[in-house]
Amino acid sequence: MPELPDLEVFRRYFDSTALHQKIREVRILEDRLLEDIAPSRFRKRITEKSFESTHRHGKYLFAVLDDGSAVLLHFGMTGFLSYYKESTDESRHPRVIFDFDNGYHLAYDNQRMLGEVEIIEDAGDYLRRQGLGEDALDLTSSRFKSLVSGRRGSVKTTLMNQSFIAGIGNIYSDEILFQSGIHPKTKVQDLEENQIRTLFRQIQKVLTTAIDKKADPNEFPDDFLIPHRGEDDICPKCGGRIEKIKINNRGAYLCPKCQKK
DNA sequence: AGTACCACCTGACGGC
DNA sequence: TGCCGTCAGGTGGTAC
């Protein structure tokens with residue numbers, strides 16, 4: 001699930017549920033999610049504190065505590081947040097649970113555990129060390145153009161490269177390229193000037209549209225590829241067959257009629 | 001600088 | 001029914 005639009009939805013969810021409440025307890029159900037800090041220390045640092053604000057960069061969410069440090073949440077491929085009161089409403093694979101004074105709980109759920117939970121002193125410093133590019137929604141057209149110039153490699157691989165720009169993954173890169181009418185294997189250096197402009201515009205449009213729709217594919221516009229992202233599905237623009245290819249060992253879906261190389 | 005492949009994990013699904 | 005390979009929206013490391 002989690003690419004930039006999903007993360008932004010998580011962030012807003014966090015803001016509307018879990019801020020400004022004292023954390024009574026933290027339950028760590030899977031130590032492996034905490035790579036850089038011992039569970040006991042993590043608990044100690046957070047108990048009796050409260051979350052005061054959040055911010056997001058690409059696919060990373062930071063929940064800022066009242067002492068200025070932040071809990072970093074990365075969701076891997078299967079992570080999400082769940083705020084609930086009764087334990088009968090608990091999600092299926094909670095890995096870290098924050099218990100609040102008001103009796104509610106915020107669970108970080110992550111079935112496959114490809115993710116991370118840490119305490120970060122300085123988010124900017126962390127992002128630099130991760131080598132993350134600018135957030136995809138913070139870009140300007142001219143900035144995008146200059147980032148693209150000098151790049152090689154396929155356009156899909158480049159869009160998914162988090163050190164190029166942060167936030168776009170396998171699913172949304174397919175959508176952006178579909179809306180742009182660009183074949184995912186096109187070399188970046190072969191893109192025409194107007195294709196680069198289109199690409200930039202579609203990055204903004206696809207991501208903001210998805211956020212508006214709460215990252216729920218059922219609510220996406222009729223001409224979006226994502227709800228038709230299956231082998232032998234029908235192209236929502238031309239009615240042709242959707243094709244699946246492999247790029248970097250991952251499935252890429254496209255319409256060969258709408259997306260010529 | 002790019003790419004190709006493996007690893008980290010769990011679970012669902014199709015084929016036999 | 002059961003076993004097995006494959007695949008899934010992420011990231012990091014290594015070798016070429």
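Every chain is numbered from 1, with letters handed out A, B, ... down the list of sequences. Only a predicted model underlies this, so the values are computations on that prediction, with no experimental measurement involved.
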### Message
Taking A/V9 as the starting point, is it possible to reach A/F224 by hopping between hydrophobic residues whose side chains are less than 4.5 Å apart?
### Response
no

#### Entry: Between C1' of B/dG2 and CD1 of A/I247, the distance in whole Å
14 Å

### Query
Can you tell me if NZ on A/K237 sees more than 12 non-hydrogen neighbours from other groups inside 6.0 Å?
yes

### Summary
Per atom distances to the A/I171 side chain, the nearest of B/dG11, C/dG9, C/dG10 is C/dG9

### Message
Quick check for you: among C/dA8, B/dC8, B/dA4, whose closest atom lies nearest to any side-chain atom of A/N248?
### Response
B/dA4

#### Entry: Atom-pair distance (CG on A/L7; C1' on C/dG9), nearest Å
11 Å

### Query
Quick one: A/I165 CD1 to C/dT11 C1', roughly how many Å, whole number?
17 Å

### Message
If I take atom CD in residue A/E118 and atom P in nucleotide C/dT11, what distance separates them, rounded to the nearest angstrom?
### Response
15 Å

### Task
For A/R92, answer base if it contacts any base atom (sugar-phosphate contacts may also be present), sugar-phosphate if it contacts only those atoms, and nothing otherwise; contact means non-hydrogen atoms under 4.0 Å.
sugar-phosphate

### Query
How close or far is atom P of B/dT10 from atom CZ of A/R112, stated in whole angstroms?
10 Å

## Note on the structure
Side-chain atoms of A/Y60 come closest, of C/dA8, B/dA1, C/dG12, to C/dG12

### Query
Considering Watson-Crick and G-U wobble pairs with both distances under 3.5 Å, what does C/dC4 pair with?
B/dG14

### Task
Establish, with yes or no, whether the OP1 or OP2 oxygen of C/dT6 is under 4.0 angstrom from a side-chain nitrogen or oxygen of A/K246.
no

### Pair A/K22 + A/E48, salt bridge at N-O below 4.0 Å
yes

### Query
Got a sec? Which of residues 125-138 of chain A come in under 4.0 Å of DNA chain C, heavy atoms?
A/Q130

### Message
Is there a path of hydrophobic side-chain contacts, each under 4.5 Å between heavy atoms, that joins A/L207 and A/F144?
### Response
yes

### Message
I want to verify a distance call: between B/dA1, B/dT3, B/dT10, whose nearest atom is closest to the A/R152 side chain?
### Response
B/dA1

### Message
Quick check on B/dA1: is either OP1 or OP2 less than 4.0 Å from any side-chain nitrogen or oxygen of A/R151?
### Response
no

### Query
Is it true that a side-chain atom of A/Q259 and a backbone atom of A/I182 form a donor plus acceptor pair closer than 3.5 Å?
yes

### Nearest-angstrom distance from the residue atom CD of A/Q111 to P of C/dG9
13 Å

### Task
Return the nucleotide paired to B/dC6: Watson-Crick means purine N1 to pyrimidine N3 with N6-O4 or O6-N4, wobble means G-U with N1-O2 and O6-N3, both under 3.5 Å.
C/dG12

### Message
Centroid separation under 6.0 Å, is that true for the rings of A/Y104 and A/Y83?
### Response
yes

### Query
Given A/T157 and A/N248, is the side chain to side chain donor-acceptor pair (under 3.5 Å) satisfied, shown in steps?
CA-CA 8 Å; A/T157 308; A/N248 296 342; 3.1 Å; yes

### Query
Which whole-number value in Å describes the distance from A/K59 NZ to C/dG12 P?
10 Å

### B/dC6 versus C/dG5 - spacing of their P atoms, nearest Å
15 Å

### Task
Send over the distance from A/R250 CZ to C/dG9 P, rounded to a whole Å.
6 Å

### Query
Salt bridge or not for A/R45 and A/E121, using N-O below 4.0 Å?
yes

### Task
Establish, with yes or no, whether the OP1 or OP2 oxygen of B/dT10 is under 4.0 angstrom from a side-chain nitrogen or oxygen of A/H93.
no

### Nucleotide of B/dC9, C/dT11, C/dG10 approaching A/Q162 most closely (side-chain heavy atoms)
C/dT11

## Note on the structure
Which of A/R43, A/R27, A/R24 passes salt bridge (charged side-chain N to carboxylate O under 4.0 Å, His left out) with A/D99? Answer is A/R27

### Query
Quick check: are there more than 12 heavy atoms from other residues, nucleotides or ligands sitting under 6.0 Å from CZ of A/R41?
no

### Task
For DNA chain C, determine which residues of residues 252-261 of chain A have any heavy atom closer than 4.0 angstrom to one of its atoms, and list them numerically.
none

#### Entry: Shortest side-chain distance from A/D6, nucleotide among C/dG9, B/dC8, C/dT11
C/dG9

### Query
Can you tell me how far P in B/dC5 sits from the matching atom in C/dT6, rounded to whole Å?
14 Å

### Task
Indicate, with a heavy-atom threshold strictly under 4.0 Å, whether A/N249 touches base, sugar-phosphate, or nothing.
nothing

### Query
For the hydrophobic clusters of this structure (ILVMFWY residues joined by side-chain heavy atoms under 4.5 Å, transitively), does one cluster hold both A/Y172 and A/Y60?
no

